[in-house]
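Since this is a predicted model, take the numbers as computed values, not measurements. We count ligands from 1, going down the list as the structure has it; atoms in each ligand are counted the same way.
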Amino acid sequence: MFNPNIAINDTALLRILALSKDATAVYNDVDLHITFANDAMIALWGKNRTVIGKRLADALPELEGQPFVEMLQTVWRTGKTIADSNVEAMLEVNGRLQSFYFDFEYRALINPQGNTYAILHTATNVTERFKAQERDRERERTEQELNEKLMASNEELMAVNEEYRILHEEQATVNEELYATNEELADTQTELLSANLKLLESQTRLRNVLEQAPLGMCVLRGPKHVIEIANEAILNIWGRARAEVMNIPHREARPELEGQPVFEWLDQVYRTGKRQVNREFKVWLRSGDGVREAIVNSIYEALKDSEGNINGVLIVLDDITEIVKERREATRVQEMFNIAIEAGELGAFYYNPHLNQFTGNETLKKWFGLGKDEYLDLQLAIDVIADEDRDRVGEAIAAALDPASGGGYDIEYTIIHPQTHAPRIVKAKGKAQFDTHGTALSLNGMLLDITERKQDEQRKNDFISMVSHELKTPITTLKGYLQLMDKRAKKLDDAFTTGALDKSLKQVTKMTSMINGFLNMSRLESGKIHIDKQLFDMADLVKEAEEESLASITSHQVVFAPVEPTLVTADRDKIGQVITNLINNAVKYSPQNSIINVACVTVNNVAMLSVQDQGIGIAQDNIDQLFDRFYRVESKDTKSIAGFGIGLYICKEIIDRHKGTIGVKSETGKGSTFYFTLPVEEK
Ligand code: ADP
């Protein structure tokens, strides 16, 4: 660095500077004539040695407009050094104006008088360094910028994510609510949902929710109610395709509503902002090319902008046509049912086993001695049952409430009026309902007063019993006389009389068995039949039946299979009656000369006696009733065959009382096999 205090003459100094690698120039007046410039400075300027002696401004005309000349002159005048680094200068090098960067120093050389006599200008071209630094700085800057941007977008992303998550959650909640609400009653549902929707401010959210909602929803904008949003559900209810209605004023999109109050209601909601709720409203909606009558629940809710001005209407619509129709139908059926119950004078009962609650209709209360508004409880229902029937009823109820039973309840019993003590015979028929776990929920049913019918039956029974009884004596006498006459005729060898008496005796036997049948029946009915059990061998009984049939049946071939000894404990006479009855039926209902097979076999300690014929057979439909009292199959084949339909009834009663089973396998036109079973005594 130049030190003015060191005594060195200018020429020597210039010689040193000429050798310096640092670009150096010296100006010796205020006009900045270049007294000296070393090669480095000349190269830096992009000029040649002709610049020496010229004014700086002339030698480097490109400096015009740049601050350097002025800065040098300031240094000259003030004597104060100016130094700076990385300063840009525009220089014409190789005929091109280019930008360079320099570290420089303008130093005034001062004489002892304190005046500037020269300026020493040193400069280093730092363009490359500067550009490298600049590049670094630029890179740093862009990196930072990028970083910042990245961070910002990251944050934004996170925020978006968060928003999305919240949105998602809210939507899920709203969805859940929607579905839950849907299950509630149709009208409250609509209202609730609309309230939920009100909470949703964002248009997107609203749109999403609307789209997914199970209820019909739409948003109408502006005073003309332009359809802005409409979900699938509402389009379905409207009977319109999306393209038909979107962005179209509601009134134009749905002309079928003309003359119905909807348009007016919408205008009103838009005007007043007051929500309109319509329950079970009848409206004509488009359906295919025509219209249909629909029943809907609907809510019109005004939509407001941020300033509270009404700018649209939200419609929530639920088509409840089917539900209402079903409900009306159910009500109608219930009414019909109630009329039928009343007309039929039926007592209806409802029992809830959980709560042990029992209740009934007016008729039932009347039978139980209660007024129609009086409370009927289970205890009373139990108390009115006749003592002898109470346990039986209890058992039947318990059985019905057992899921294994199928829930059926069918029983006849007597109830006694608590005040008048008048008996009333009732037939109760009901059904228990179970939940999916098999727990009984209820036992409901009807009580029919069968007192009259029972009394009629009793009277009929009494009559039959009396007549049969009265007929028995004369017929026995008649039979006795016929037998006497027969003996005598045989002695006299009177062939005609013997034949006639034989036939008469057969008819008398038939009459006797018929009368016995009636007597048996009336005894059964009045519970007077007596089962007299004894141990006997079925083989013997079948043998007797065989002998009897050989003597009395000539029209058919009755074939008896051999029977193993089969010991049973039963009423021998009555079982004999059953066998005879089945054989006689086989004869009655099968063609002459056909074969009838009788067999008795034992399997698993159960003896089964069967009578097989090749007769008319029985249609499947009739088999169930065959063993009912007075039941006879009505067909052209049976028309000419006499009978009362009590034989099989008596057989069944007898077998039932022996804890056996009785049944038939049959095919029309091919024949029947009647059978009964009895438990066999272990040997
Ligand atoms: P009845 O023979 O007096 O009519 P039953 O009680 O003995 O009364 O029989 C009831 C009905 O069952 C008969 O009317 C008849 O239609 C049918 N039935 C009974 N046995 C036979 C049989 N072996 N083949 C065809 N039908 C029969």
Side-chain angles (χ1 to χ4, degrees), residues 457 460-461 464-465 467-468 471 506-525 529 542 545-546 548-549 552-553 555-561 573-600 608-658 660-677:
E457 273 171 19
K460 200 161 60 193
N461 255 336
I464 290 170
S465 161
V467 171
S468 320
L471 280 173
K506 268 188 189 154
Q507 293 305 319
V508 170
T509 312
K510 259 194 192 169
M511 272 173 79
T512 315
S513 83
M514 257 189 234
I515 289 166
N516 281 338
F518 282 124
L519 268 177
N520 276 334
M521 186 196 72
S522 64
R523 280 194 198 129
L524 265 175
E525 290 293 301
I529 196 163
V542 174
E546 184 175 0
E548 194 187 308
S549 73
S552 58
I553 302 167
S555 55
H556 293 70
Q557 301 176 52
V558 191
V559 182
F560 284 80
D573 286 351
K574 298 219 165 50
I575 298 297
Q577 254 180 49
V578 173
I579 299 172
T580 311
N581 211 311
L582 295 185
I583 295 173
N584 286 345
N585 272 354
V587 170
K588 258 164 82 176
Y589 299 103
S590 58
Q592 284 232 333
N593 297 324
S594 62
I595 296 168
I596 294 164
N597 286 303
V598 182
C600 182
M608 180 193 270
L609 185 134
S610 60
V611 179
Q612 181 196 36
D613 66 47
Q614 296 166 344
I616 58 172
I618 304 148
Q620 211 57 34
D621 287 353
N622 299 319
I623 282 183
D624 280 350
Q625 294 125 283
L626 220 54
F627 298 92
D628 290 353
R629 197 175 45 151
F630 301 131
Y631 183 81
R632 303 202 71 214
V633 176
E634 276 179 30
S635 74
K636 60 178 183 359
D637 297 323
T638 56
K639 228 179 190 168
S640 54
I641 305 169
F644 296 102
I646 55 170
L648 289 179
Y649 166 71
I650 294 170
C651 290
K652 182 168 163 53
E653 288 293 325
I654 292 171
I655 297 301
D656 278 354
R657 278 166 212 224
H658 281 87
T661 54
I662 186 164
V664 61
K665 288 204 173 66
S666 187
E667 209 177 315
T668 351
K670 292 208 171 148
S672 317
T673 304
F674 279 84
Y675 62 86
F676 68 83
T677 65

[X] heavy atoms, cut-off 4.0 Å: which ligand 1 atoms fall inside?
X      : answer
Phe644 : 3 (O)
Gly643 : 3 (O)
Ile646 : 6 (O), 8 (O)

With atom 9 (O) of ligand 1 as the reference point, say which of Ile650, Leu648, Leu626 has the nearest heavy atom.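 Looking at heavy atoms only, the winner is Leu648.
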Rounded to the nearest 0.5 Å, what separation is found between the SG atom of Cys651 and the CG atom of Asp656?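 CG of Asp656 is found 11.0 Å from SG of Cys651.
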Does anything in residues 630-647 form a salt bridge (charged side-chain N to carboxylate O under 4.0 Å, His left out)? List the pairs, not counting sequence neighbours.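 Passing the test, one end in residues 630-647: no pairs.
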Tell me whether Lys588 contacts the main-chain N or O of Ala642 through its side chain, where contact means a donor paired with an acceptor under 3.5 Å.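 Checking the backbone N and O of Ala642 against the side chain of Lys588, a donor-acceptor pair under 3.5 Å is found.
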Expected output: side-chain Ser522 to main-chain Ile464 donor-acceptor under 3.5 Å: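 Not a single qualifying donor-acceptor pair exists.
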Heavy-atom distances under 4.0 Å are what count here, so tell me which part of Val633 touches ligand 1: side chain, backbone, both or neither.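 The part of Val633 near ligand 1 is both the backbone and the side chain.
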Side chain, backbone, both or neither: Asp613 near ligand 1, heavy atoms under 4.0 Å: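 Looking at Asp613 and ligand 1, just side chain atoms fall under 4.0 Å.
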Side-chain contact, heavy-atom cut-off 4.5 Å: [X] with [Y]?
X      : Y      : value
Val633 : Leu626 : yes
Ile618 : Tyr589 : no
Phe560 : Ile583 : yes
Ser555 : Gln592 : yes

Run the contact test for Gly615 against ligand 1 with a 4.0 Å cut-off on heavy atoms, strictly below, and give the result.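 For ligand 1, residue contact (heavy atoms, under 4.0 Å) with Gly615 is absent.
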Return yes when Phe674 approaches ligand 1 closer than 4.0 angstrom through a heavy atom, no otherwise.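 Right, Phe674 reaches ligand 1.
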Here's a test for you: under ring pair (Phe, Tyr, Trp, His ring centres under 6.0 Å), which of Tyr649, Phe630, Phe644 qualifies with Phe518?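 Of Tyr649, Phe630, Phe644, ring pair (Phe, Tyr, Trp, His ring centres under 6.0 Å) with Phe518 is met by Phe644 alone.
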Do ligand 1 and [X] have nitrogen or oxygen atoms that lie under 3.5 Å from each other?
X      : result
Asn581 : no
Lys588 : yes
Gly645 : yes

Ignoring hydrogens and geometry beyond distance, is a side-chain donor-acceptor pair present between Asn520 and Glu653 at under 3.5 Å?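 Judged by distance alone, the side chains do not pair up.
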[atom]: which protein heavy atom is closest, and how many Å away?
atom                    : answer
atom 11 (C) of ligand 1 : Tyr631 O, 3.8 Å
atom 4 (O) of ligand 1  : Arg632 NE, 2.3 Å
atom 24 (N) of ligand 1 : Tyr589 CB, 3.3 Å
atom 7 (O) of ligand 1  : Asn585 ND2, 2.9 Å
atom 26 (N) of ligand 1 : Ile618 CG1, 3.4 Å

